[in-house]
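To start, the structure under review is shown below, and the notes come after it.
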Protein chains: 2
Amino acid sequence: MKRLCKLLKDSICSTDLEDIMCYGYDASSTEGIPAAVVWPQTTDDVVTICKFAYANNYKIIPRGAGTGMTGGGVPVVENTILMSFEHMNRILEVDTANLNVIVEPGVINADLQHVLADNGYFYPPDPASLNMCTIGGNVAENAGGPRAVKYGVTRDYVMQLEAVLPDGNVIITGTKTAKSVVGYDLTRLLVGSEGTLATITKIRLKILTTPDGVVTMVAFFHDPTAAGKVVSKIMASCLTPRTLEFMDKYTLDAVKKYKNIGIGDDIQTLLLIELDGNIKAIADETETVCGVCRAFNGIIKFADSDKLSEMLWDIRRSASPALYNISPGKINDDIVVPINRVSDALGEIEKLSKSAGITVACFGHAGDGNLHVNILLDKNNEEMLKKAQKLKKDIFELTLSLEGSISGEHGIGITKAKFIDMELGLKNLDIMRGIKKLFDSKNILNPGKIFPS
Amino acid sequence: MKRLCKLLKDSICSTDLEDIMCYGYDASSTEGIPAAVVWPQTTDDVVTICKFAYANNYKIIPRGAGTGMTGGGVPVVENTILMSFEHMNRILEVDTANLNVIVEPGVINADLQHVLADNGYFYPPDPASLNMCTIGGNVAENAGGPRAVKYGVTRDYVMQLEAVLPDGNVIITGTKTAKSVVGYDLTRLLVGSEGTLATITKIRLKILTTPDGVVTMVAFFHDPTAAGKVVSKIMASCLTPRTLEFMDKYTLDAVKKYKNIGIGDDIQTLLLIELDGNIKAIADETETVCGVCRAFNGIIKFADSDKLSEMLWDIRRSASPALYNISPGKINDDIVVPINRVSDALGEIEKLSKSAGITVACFGHAGDGNLHVNILLDKNNEEMLKKAQKLKKDIFELTLSLEGSISGEHGIGITKAKFIDMELGLKNLDIMRGIKKLFDSKNILNPGKIFPS
């Protein structure tokens, strides 16, 4: 490892305990210590690191900001080089004529959003961790976020990638054009591959022009089942809100303990709804949405200032840390079901939760059926932990029985690897393993992730 | 082969000369005779055919309607079983609550459009051949069409696939949900793979609700360079038309010879523009678009009835057959360039055309930079044919120098296989060959396509 640090410069390679300790975790509850941390500055550095690992049988984990929820950035084997992209964080090009940007993988999502917003442009994917998470991590996990309901996920914005293969070869996939059918779609094969196939070093993303207007509103409901029904009604109408976020009572209670949000105890559930686009169009759409909410006795509050809108989003984005605050050992999964099964999913999860005697708090992107399911537990209580693990599996079984998927946007990483064959057929897994071997015959890149061991 | 016909029923297998002759071509100028034609009725039939081919070293080509432009459905080796999906043409499910449909691969694009339109729903991808081409073919080629400029291509609508591997194993890829990150994206690996990896037998497609309103208009220009400039201006504004179609003078002349369209000889170029969505919003957008067109002295005509709209689309859809009418040997390529290079591309193609002494007629989806470039020639004139082949390559070189791609939506097939390495790096091609081998170790499916021999 000292040879690698010599090859690179000292400033970009460390084996110091304080460094390797800091890079041994992410937002999941998994931990593992890398042998070294490197901070590449250029694609050439990444090539050097890959060639070193290839020649000397080291493992590599490319890492964004460590906000991943499934342990994708956490070492699980010895001799792992943690490659952190904090220093490759430049926005290299903003091409407004063709509506795209080129960024390095370490660019923080919110930083890109701000630069674009200042110029009248807009990058839709907005994971809740947008103030910390990086575009590279977003691409590796195919991140979504509240706006995915209207605008799709990261995959839908990636046009072109520069990536370093495990042996140090550099490839460029995709094109600068809106369309192209030239061979197999390697770009979308790399998106969502969780750093297991190649290390992404440059990303060309499609951008949009900022919508003319945005309406932000919250609908509060006394009936805990109302929100799920409202979501189905809205999504089956002729409009698509840009966000349709849901929080259940348990999540609201946790947020209330975390910060003062001025929501009464009689409120059982809420929807945070945004509509964007042409101002006249969203005025019409607002009426439709309000009509649906009121039919279920929803109490509607509009965010009539940016400050109020930010406050409402702050409530939503506090959901995960607030739940962590009351249950540091919580198991956080992000199941996704067809939109018209959201109500069923919530009802059945409540039943499973009651039968296990463990609280499950749900919130998330109800508009696309993507629910963040938080099993709240005391991780020092072994019996409870065991029950919670069973509950997790029961929830996955329920999800699949509703024709859903066990991960909407967090990926598989370590924490879901042993469940992946509940969803995927053996033949699919065989093909995926074959693809892994094709890209990474020496199993250098992010070993122990996605595939059950 | 007789054994195969026995295995299947006579009605779905034929080695008769009149059958095999009819399935030996597509809309490219390539030809080849299959050993047999089979018309599977079910996935089980496809499995039987694949297992037979696997055991007996036959080749298989899955075929939609034969409207492909690059020879993707044409046999190039002996012992090829042509598998035609004409009889697997059922719409299996229309799930309006979750906005998706399940179709068999032989469903004709326009048939799906009509069934959906009757119920207030909408499937955007609309290749010019929509009255003939099949959804299976659209998926295999990742087909686009005029509406791609706003709504994206086939890839953006495919949620889930059932596919038969060359050895007869059946896989299901993707999910019924809007999002999912569970292993590598096999769905999008199959989309656009031109029938070389697996035979698609069921397709779940995302659908939309029908937009409230559509405005259709044509802008005529006396200045041949105006259209390209207008396209850049419109696309850099804050709106996205649902179509922004372009026809140059040579194409217009050909259409005039083909049918009476009442367009004067002083018109050098036209744009067919559609805006859709909320009625008030498109009224605003129409004003913006008209303003841009008028700034370039465009003469605007609105289609104020469905009949007139259909007439305008008929002109646009006649472009390819009209050019074929005056030049049956024409070489038709579909390059794509970044939107702000459309003008440059058209200007440079005109120069190359003049220097070669061969007319090149351009039309197509200017809004996403996708131009159908038609080299008009007498295929019996060998010297001209040679010049035209050089011109084709020069146009690809020009395209790549403008950061474009050699195929926007027609794929590579046979006709572009020898040019693919102009665009793709060797390492990319290596990986793609590895993927082909992984799926199809015996090279059964659609051999001789995509990869240069």
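Basis for what follows: all heavy atoms, side chains included, without hydrogens, waters or symmetry-related copies. Throughout, protein chains are lettered first and strands after them, A, B, ... in sequence-line order, and every chain is numbered starting at 1. On a predicted model such as this, the values are computed, not experimentally measured, just so you know.
Among residues 405-413 of chain B, the residues having any heavy atom closer than 4.5 Å to a heavy atom of chain A are, in sequence order, Ser405(B), Ile406(B), Ser407(B), Gly408(B), Glu409(B), Gly411(B), Ile412(B).
Per-residue heavy-atom pair counts under 4.5 Å with chain B were compared for Asn370(A), Leu239(A), Asp430(A), Val170(A), and the maximum is reached by Asn370(A). If you tally non-hydrogen atom pairs under 4.5 Å between each of Thr177(B), Leu165(B), Thr209(B), Ile339(B) and chain A, the highest count goes to Thr177(B). No other option in Ile450(B), Val149(B), Leu197(B), Thr96(B) has as many heavy-atom pairs under 4.5 Å with chain A as Leu197(B). Heavy-atom pairs under 4.5 Å with chain A were tallied for Gly120(B), Gly277(B), Ser193(B), Ser232(B); the largest tally goes to Ser193(B). Counting heavy-atom pairs under 4.5 Å between each of Val336(A), Val182(A), Asn340(A) and chain B puts Val182(A) at the top. Each of Gly369(B), Gly183(B), Ala97(B) has some count of heavy-atom pairs under 4.5 Å with chain A, and the biggest count is that of Gly183(B). Counting heavy-atom pairs under 4.5 Å between each of Arg155(B), Glu423(B), Glu141(B), Met235(B) and chain A puts Arg155(B) at the top. Among Pro338(B), Gly192(B), Gly434(B), the residue making the largest number of heavy-atom pairs under 4.5 Å with chain A is Pro338(B).
For Glu285(B), no part sits under 4.5 Å from any heavy atom of chain A, backbone or side chain. The parts of Lys436(A) that come within reach of chain B are both its backbone and its side chain, each placing non-hydrogen atoms under 4.5 angstrom from that chain. Using a 4.5 Å cut-off between heavy atoms, Thr240(A) does not touch chain B at all. Only the side chain of Leu99(A) comes within contact range of chain B, with at least one heavy atom under 4.5 Å from a heavy atom of that chain. In this structure, chain B has a heavy atom under 4.5 Å from the side chain of Leu186(A), while its backbone stays farther away. Only the side chain of Leu438(A) comes within less than 4.5 Å of a heavy atom in chain B; its backbone stays farther off. Only the side chain of Thr175(B) comes within contact range of chain A, with heavy atoms under 4.5 Å apart. Both the backbone and the side chain of Asp368(A) come within contact range of chain B, judged by heavy atoms closer than 4.5 Å. Contacts of Val153(B) with chain A are made by side-chain atoms alone, with heavy-atom separations under 4.5 Å and no backbone atom involved. Contacts of Asn169(B) with chain A are made by side-chain atoms alone, with heavy-atom separations under 4.5 Å and no backbone atom involved. Heavy atoms closer than 4.5 Å to chain A are found in both the backbone and the side chain of Ile171(B). With a threshold of 4.5 angstrom between heavy atoms, Lys437(B) does not approach chain A through any atom at all.
With values rounded to the nearest 0.5 angstrom, Asn98(B) atom CG is found 8.5 Å from Arg341(A) atom CZ. Asp185(A) contributes atom CG, which lies 8.5 Å from atom CE of Met432(B) (distance to the nearest 0.5 angstrom). Rounding to the nearest 0.5 Å gives a distance of 7.5 Å between CG of Leu190(A) and CD1 of Ile431(B). One distance of note links CG of Asn278(B) with CG of Asp284(A); it measures 5.0 Å at 0.5 Å rounding. Put simply, CD1 on Ile335(B) and OG on Ser180(A) are 12.0 Å apart, with the number rounded to the nearest 0.5 Å. With rounding to the nearest 0.5 Å, the separation of NZ in Lys280(B) from CD1 in Ile282(A) is 12.0 Å.
Under the side chain to side chain donor-acceptor pair (under 3.5 Å) criterion, Glu403(B) pairs with Lys176(A), sequence neighbours left out.
Within the 4.5 Å cutoff, the side chain of Leu189(A) has heavy atoms near those of the Ile435(B) side chain.
Using a distance-only test at 3.5 Å, with no hydrogens or angles considered, a donor-acceptor pair links the side chain of Asn428(A) to the main chain of Ile172(B).
Taking both residues in full, the closest heavy atoms of Lys427(A) and Asp167(B) are given as NZ-OD2, 4.0 Å, listed atom of the first, atom of the second, then distance.
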Show your working on side chain to side chain contact (heavy atoms under 4.5 Å, CB included) between Tyr184(A) and Thr196(B) and close with a plain yes or no. CA-CA 10 Å; Tyr184(A) 305 142; Thr196(B) 63; 2.7 Å; yes
